[in-house]
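Computed from a prediction, not measured in an experiment: that's the story for all the values here.
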Amino acid sequence: MLLSYWTNKTINYSILIFIALMGIAVPTYQYHLNTWMTPLILGVIAAALTEQDESLVGRIKANVLTIICFAIATISIQILFNHPVLFAIGLCCSTFGFIMLGAIGPRYASIAFGSLLIAVYTMLGIPQSPEFWFQPTLLLSGAIWYYFLSFIWAALFPRHPIQQSLSDVFEQISNYIEMKSELFHPIENMKLQPFRIREANLNASTVMSLNHCKSTFVARSKRGFIHHTNDKYLKIYFLAQDIHERVTSTHYRYQDLAKHFQHSDILFRFKFLMQEQAKACKHIAQALKLNNTYLHTSETSQALSELKVSMNYIKDHSDEESKPLINQLTYLFNNLSTIEQLLNNISKPHAETLNENQLSDTSPDSLKNMFRKIMDNFNTDSVIFRHAIRMSVALTAGYLIIQAFQLSLGYWIILTTLFVCQPNFSSTKQRIILRVIGTIAGLLIGALLITLFPSELSQISIIIIAGVMFFAFRINNYGYATGFITVLVLFCFEQFNIGLSIVFPRLLDTLTGCALSVGAVIFILPDWHAKRIHKTMADAVEKNLNYLDQIIVQYRIGKKDNLQYRIARRDAHNQDAALTLSINNMLSEPGKYRTSINEAFRFLTLSHALLSYVSTLGAHRTRLDDIEAHMLIQTSHKIIHRHLNEIKQRLVSTADSSKNEIINDDELEKKLTQWREEGSNSAKLILQQLHLIYRMLPELYSLSEKFSARIHQD
C-alpha cells in the first residue's frame, strides 16, 4: 500500500517539493532570517517550474544553463530597474528573445519561461531588497538548492520517469480499448460519427502519452540510440506502439456488422474480450508503476478461446449471404488474437532481441543548427514568433501601466500576463477563467488564515503546505494551483507585515493582466484555428498518405518495424491528434470566428476513419507472393495516392478549384469487389481496406471543395 503511494508521481513530486521548502523554512526560521525566506522560496518555485526530464548528465548541463540565464535575467532587472525607458526596451527585447529561444526545443522553451519568471520575481522583491546583491543571490541560491535536491532524487530513482511514462501509455490504451469495445454492442441504426469523434479524442490522448514516453527515452539517449540498460522498457514501448496500431485499426463498417449480428451473441463476445484486454492494460500500467513483473492472467486467454469456439460454430452454421461478414469477423478475431499475444509478451520482455534500439531525435546538435531553427521561425506563420511578438508587447504594456499609475506592487500584472497569455485564444481563455477564480478564492482564504494564524511558526507551516499543494495541482487543476500560490504569496508578504494590504492590489493586478492577455491574443497576430483549419486538414491527409506509402512497400518486401516506418506511423497519429485539438479549440473561440463546424467534424470523422483503415493495413503487414494481387494493389494504391494528394492540394491551394475531379473508376471498383470475394485471405484484407479508403474519396473531395471555397471568401 505504501509503495503504491510512493510511486504515485504527484505524491512523489510533492515529497521532493516539501523537502526543498523545508530546507529553506527551517534554517531561516531558526536564525530569524525572515526576509530571506521569500526570495529563496521564489527561487525554488522558478527552478521547479523550469525543470525538464533529463538524464543525469543532461540534467547537469540544463541546470547550469538555466542558472546562467536566471543570473542574466535577475541582475539585468536590478541594473535597469531605476531606468524606466531602458527597462521597457530591455523587457520587450528580452521577452521576444527568450520566447524565440523556445524554437530550439522544449528544454529551451522551459528555460526561457523560467528566466522571464525569475525576472518578474526580482521586480516584485526589489522594494523589500536592502542591497543590490540581495535579490539575485537569494533567488539563485533557492534555484541551486532545488536543482541539487532534484539531481539527488533523479540519481536515486533513475528509471522512475520511464516507468511512469510507460504506465501512462497503458492507462490511455486501456481507455481506448474500452471505448472501442462499445462499438461491438449491436444496436439498431448505429450512428457512427459520435463514436468516431470520441475515438479521435481518446486517440489524441494516447498519442500524447506515447510522445511523452518517447521524449523520456530520447532524453536518456545518445542522438536517439537507447542505452542497453533500458532495453526492457524500450521493448515494452515498441509493444505498446504495436498494440496502439492494432487498436486504432478498423476492419469494416461497424454498423453493417451490428445490423447483421444483432440477434447473435458473437459481437458481445468480441466486446467482452476487448474489455478483458482493457483490464489487462490497466494491470500492466499498475505493474510498471510499482516496478513489479507483470503476469498475464488467464481471463483474456479464456475469453479468446470461447470467442474462437463461437466463431467456429457460426462458420459451420452460416449461409452464403453471411460469409462476407463472417470473413470480417475473422479479420477482427485475428487482430485481437495478435493483441493478446502482444499483451502476453509484456510479461517476458527479454524473450526477443530488439532489432532496433533507435528513436527519432530531431533536437539540434550544434550551435549552427540551433541558430537555424530559430531563424526558420522568423515569420508570421510560426506560432512561436507570433507568441513572442504578442508576449513582448503585452508585458511591455503592463510595465507602462505600472509606470503610468505608479503601482508599487503592480508587477503582478506582468506575472499574470506571463502565466495566462498562451499561444492561442482557447488556452488563454481557459487559463484566465481558472486564474481569476483561483485568485479570488486564494485571497479570501489567505486573508482569513492570516487573521486566524498570526504566529510566525504557523504562517511558515502554511507557506510550506501551500507551496506543496501548488505543485501537486499545477498540471491537473490550474484553478486550485492558483488558489494555493495566492495563499503562499500572501503569507510571504506577511513576513514583511504587509500581507493583508496586498489583497486588493493583487486582485486588481490579476484582472489587469488577464485583460492584457485577452487583448494580446485577439488583436496582436491572432491565431484563430478556423483561419488555418484547412492547413491542419491537409497535413492530416498528407501524413496518412505517407503512412500508407510505407505500408504498401512492406507488402512487397515483408514486415519491418524500422525507424522510417515508425516515424511515418507516429506522424500520422500526431497529425490526427493535432486536427482533433484544433477543432476542439475552434469551438471555444468567439462565434464570428467559428465556421463550417459541422463540416469540420465530418472531416475529422473521415480523417480518423482513414487513419483507422490505414492502421489495419499496418497491423496486418506481411509479404505477399501473389503477382496478380500485387499488381492490383499497386494500381489501387497509385490511384488512391493521386486522389489523396489532390485533396491535400485543394485544401491548401488558393487557386480556383472549381474543376472537381469525379471519382468514378468502374473497372477498379469491379476488380476490388471481385477480389474481396475470390482472393486469398491476405489479399482480400488489403484490397478490402483499399476499397474502404477508395469509397471515402468522393466525400473528402466534396469537403475539400467547401473549405477551399471558404478560403476564397476570406
Side-chain angles (χ1 to χ4, degrees), residues 39 42-43 45-46 49-50 66-103 108-129 132 134-136 139-140 143 374 377-378 384-423 428 431 435 489 505-506 508-521 523-525:
L42 293 179
I45 292 173
L49 290 175
T50 306
T66 303
I67 293 299
I68 292 172
C69 290
F70 278 13
I72 294 171
T74 185
I75 293 172
S76 298
I77 295 299
Q78 287 285 158
I79 294 172
L80 299 175
F81 190 78
N82 293 320
H83 306 280
V85 176
L86 294 177
F87 189 98
I89 295 172
L91 177 63
C92 183
C93 295
S94 62
T95 300
F96 180 82
F98 273 129
I99 293 177
M100 287 303 298
L101 195 66
Y108 296 91
S110 182
I111 293 173
F113 173 80
S115 300
L116 291 172
L117 183 60
I118 210 79
V120 179
Y121 284 162
T122 306
M123 300 175 201
L124 286 168
I126 281 182
Q128 288 78 42
S129 177
F132 176 89
F134 185 81
Q135 285 285 118
L139 287 169
L140 295 176
I374 293 175
N377 280 273
F378 264 84
I384 295 174
F385 179 82
R386 293 152 78 102
H387 186 55
I389 294 287
R390 203 177 294 137
M391 284 293 291
S392 58
V393 173
L395 294 187
T396 305
Y399 178 71
L400 294 178
I401 291 172
I402 295 168
Q403 292 299 312
F405 294 96
Q406 295 297 305
L407 304 174
S408 60
L409 295 173
Y411 296 99
W412 276 316
I413 295 174
I414 298 177
L415 184 66
T416 299
T417 305
L418 179 63
F419 271 101
V420 303
C421 189
Q422 301 296 300
T428 302
R431 278 285 180 108
R435 184 84 180 183
V489 168
R506 169 81 175 188
L508 182 62
D509 293 346
T510 296
L511 296 175
T512 305
C514 290
L516 281 174
S517 300
V518 171
V521 296
F523 298 111
I524 303 174
L525 297 175

Ring centre gap for F419 and F113 strictly below 6.0 Å
yes

Throw together a table of side-chain donor-acceptor distances under 3.5 angstrom for residues 84-93, partners on residues two or more places apart or in other chains.
none

Looking at F378 and I374, what are the two nearest heavy atoms and their distance?
CD1-O, 3.3 Å

Of all the heavy-atom pairs spanning L516 and G398, show the shortest one and how long it is.
CD1-CA, 3.6 Å

R386: what forms a salt bridge (charged side-chain N to carboxylate O under 4.0 Å, His left out) with it, not counting sequence neighbours?
D527

Under the ring-ring contact (aromatic ring centres under 6.0 Å, His included) rule, collect the residues that match up with Y121, sequence neighbours excluded.
none

Partners of [X] by side-chain contact (heavy atoms from CB on, under 4.5 Å), sequence neighbours excluded?
{"X": "T512", "result": "I401, I413, L508"}
{"X": "S110", "result": "T50, Q52"}
{"X": "A388", "result": "F96, I99, M100"}

Can you tell me which residue pairs pass the side chain to side chain donor-acceptor pair (under 3.5 Å) test with a partner in residues 69-97, sequence neighbours excluded?
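Passing the test, one end in residues 69-97: T74-T122.
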
Residue pairs meeting side chain to side chain donor-acceptor pair (under 3.5 Å), one or both in residues 395-414, sequence neighbours left out, come to Y399-Q403

Using side-chain heavy atoms (C-beta onward) and a distance below 4.5 Å, is S517 in contact with T416?
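The answer is no, as the side chains (C-beta and beyond) never meet within the 4.5 Å cut-off.
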
L117 side chain near L418 side chain, heavy-atom distance below 4.5 Å
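Yes, their side chains come closer than 4.5 Å.
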
According to side chain to side chain donor-acceptor pair (under 3.5 Å), who are the partners of R390, at least two apart in sequence or on a separate chain?
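In terms of side chain to side chain donor-acceptor pair (under 3.5 Å), with neighbours along the sequence ignored, R390 is linked to no residue.
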
